[in-house]
Amino acid sequence: MRFCTDPNALPIALCGSLSLHPVSTGARMHNAAYDALGLPFAYVPFAMTPERLPDALVCMRALGIRGFGISMPFKVQILPLLDELDPTAARIGAVNTVVNEQGRLIGHNCDWIGAVRALEEVLGTGGIRGRKVVLVGAGGAARAVAFGLVQSGAELTIVNRTESKARKLAQDTGAHAFGDLAAIDEVRQADVLVQATPVGMKAHAAETIVPKHLLREGLCVMDIVYDPPDTPLLQVAREQGARTINGLRMLLHQAARQFELYTGKPAPLEVMHAALAENGS
Ligand code: ATR
């Protein structure tokens with residue numbers, strides 16, 4: 001529980017998250033950042049159900065709650081309940097952040113920004129432009145990443161177990177090419193590989209999609225799975241000499257973008273990173 005000890009700091013701007021099962025990672029990162037900058041903000045994770053989502057947004061307006069992070073399955077359900085969408089969130093067709101601008105609820109998608117910034121940390125700002133990128137997956141998570149990559153100028157190939165979904169996502173984003181899992185061979189010509197399926201999560205521990213022989217020095221490999229952060233794919237990629245980026249960097253950068261939207265200030269990235277790395281509840 002957070003208490004405001006400075007009466008001059010009132011009223012506290014409240015932010016939070018809406019998810020089926022509240023997790024503490026967002027609260028840790030955001031509250032640590034508010035504390036570091038001395039901002040009168042607080043962040044609370046709320047449990048939500050699809051039935052209650054409309055009421056939650058009524059409360060958000062009525063109580064002046066500043067912002068909510070939105071998890072699955074609410075990222076698409078929330079669209080018709082908002083007053084306005086950021087143009088990229090509208091194109092993606094999913095919202096992971098709602099900002100209350102004087103009673104108007106604006107939907108944003110920070111997931112794609114998280115992925116792009118995590119890659120740019122390694123490739124340099126603007127470093128995605130012109131790169132050959134292979135994206136594995138065509139589900140909800142891959143969709144935001146695909147839009148971010150194409151928007152940033154990548155020459156994108158989308159590879160997915162179900163080819164029709166890869167085709168649809170390639171059409172929607174303007175990606176260069178698509179294919180089923182056999183097209184994973186495109187990694188030979190690629191600069192970057194982004195793994196955006198749940199394979200690598202604890203439940204999928206034994207499975208791999210990308211064969212070892214395709215992983216090599218000169219390739220940059222990002223896995224959006226963050227639990228565990230060091231997936232089997234990343235371990236093998238490192239052994240093969242590739243540069244790797246784990247899913248926590250994307251999570252961190254999307255939270256940093258949320259922080260910027262809520263507070264209007266640059267995010268203290270190192271503070272948020274330290275809070276994310278904490279192994280607490
Ligand atoms: P999310 O919202 O997390 O992206 P999703 O929308 O269910 O979840 O999408 C999961 C993605 O991972 C899909 O691209 C899925 O492939 P299909 O479209 O063929 O279902 C992919 N995926 C899940 N398990 C997989 C596995 N064992 N091997 C290959 N791809 C897998």
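Because the structure is predicted, anything quoted here is derived from the model rather than measured. Just follow the structure's listing: the first ligand is 1, and inside any ligand the first atom is 1.
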Could you list which atoms of ligand 1 come closer than 4.0 Å to a heavy atom of [X]?
X	answer
Ala141	1 (P), 2 (O), 4 (O)
Thr162	17 (P), 18 (O), 19 (O)
Thr197	12 (O), 21 (C), 22 (N)
Lys165	17 (P), 18 (O), 20 (O)
Val199	25 (C), 26 (C), 27 (N), 28 (N)

Open item on the list: Within this structure, what is the OG-CZ distance for the pair Ser152 and Arg131, rounded to the nearest 0.5 Å?
Closed with: 12.5 Å
Does [X], backbone or side chain, put an N or O under 3.5 Å from an N or O of ligand 1?
X	result
Ala138	yes
Gly140	yes
Leu181	no

I'd like to know if the side chain of [X] and the backbone of [Y] have a donor-acceptor N/O pair within less than 3.5 Å.
X	Y	answer
Asp83	Leu105	yes
Gln102	Arg104	no
Asn246	Asp230	no

Open item on the list: Looking at Glu101 and Arg66, is there a salt bridge between them, counting it only when a charged N and a carboxylate O are closer than 4.0 Å?
Closed with: yes
Task: Ile209, Val225, Ile224: member with heavy atom nearest to atom 29 (C) of ligand 1 - done: Ile209
Task: Shortest heavy-atom approach to atom 5 (P) of ligand 1 - which of Pro198, Gly200, Gly139, Gly137 - done: Gly139
Open item on the list: Heavy-atom distances under 4.0 Å decide this one: backbone, side chain, both or neither, for Arg161 against ligand 1?
Closed with: both
Side chains of residues 209-222: which donor-acceptor partners sit under 3.5 Å, not counting sequence neighbours?
{"unit_1": "Arg216", "atom_1": "NH2", "unit_2": "Val187", "atom_2": "O", "d": "3.0"}
{"unit_1": "Arg216", "atom_1": "NH2", "unit_2": "Arg188", "atom_2": "O", "d": "3.2"}
{"unit_1": "Arg216", "atom_1": "NH2", "unit_2": "Ala190", "atom_2": "O", "d": "2.7"}

Task: Side chain to side chain, Val194 and Met250, heavy atoms closer than 4.5 Å - done: no
Open item on the list: By the definition side chain to side chain donor-acceptor pair (under 3.5 Å), identify the one residue from Glu121, Arg117, Glu120 that meets it with His253.
Closed with: Glu121
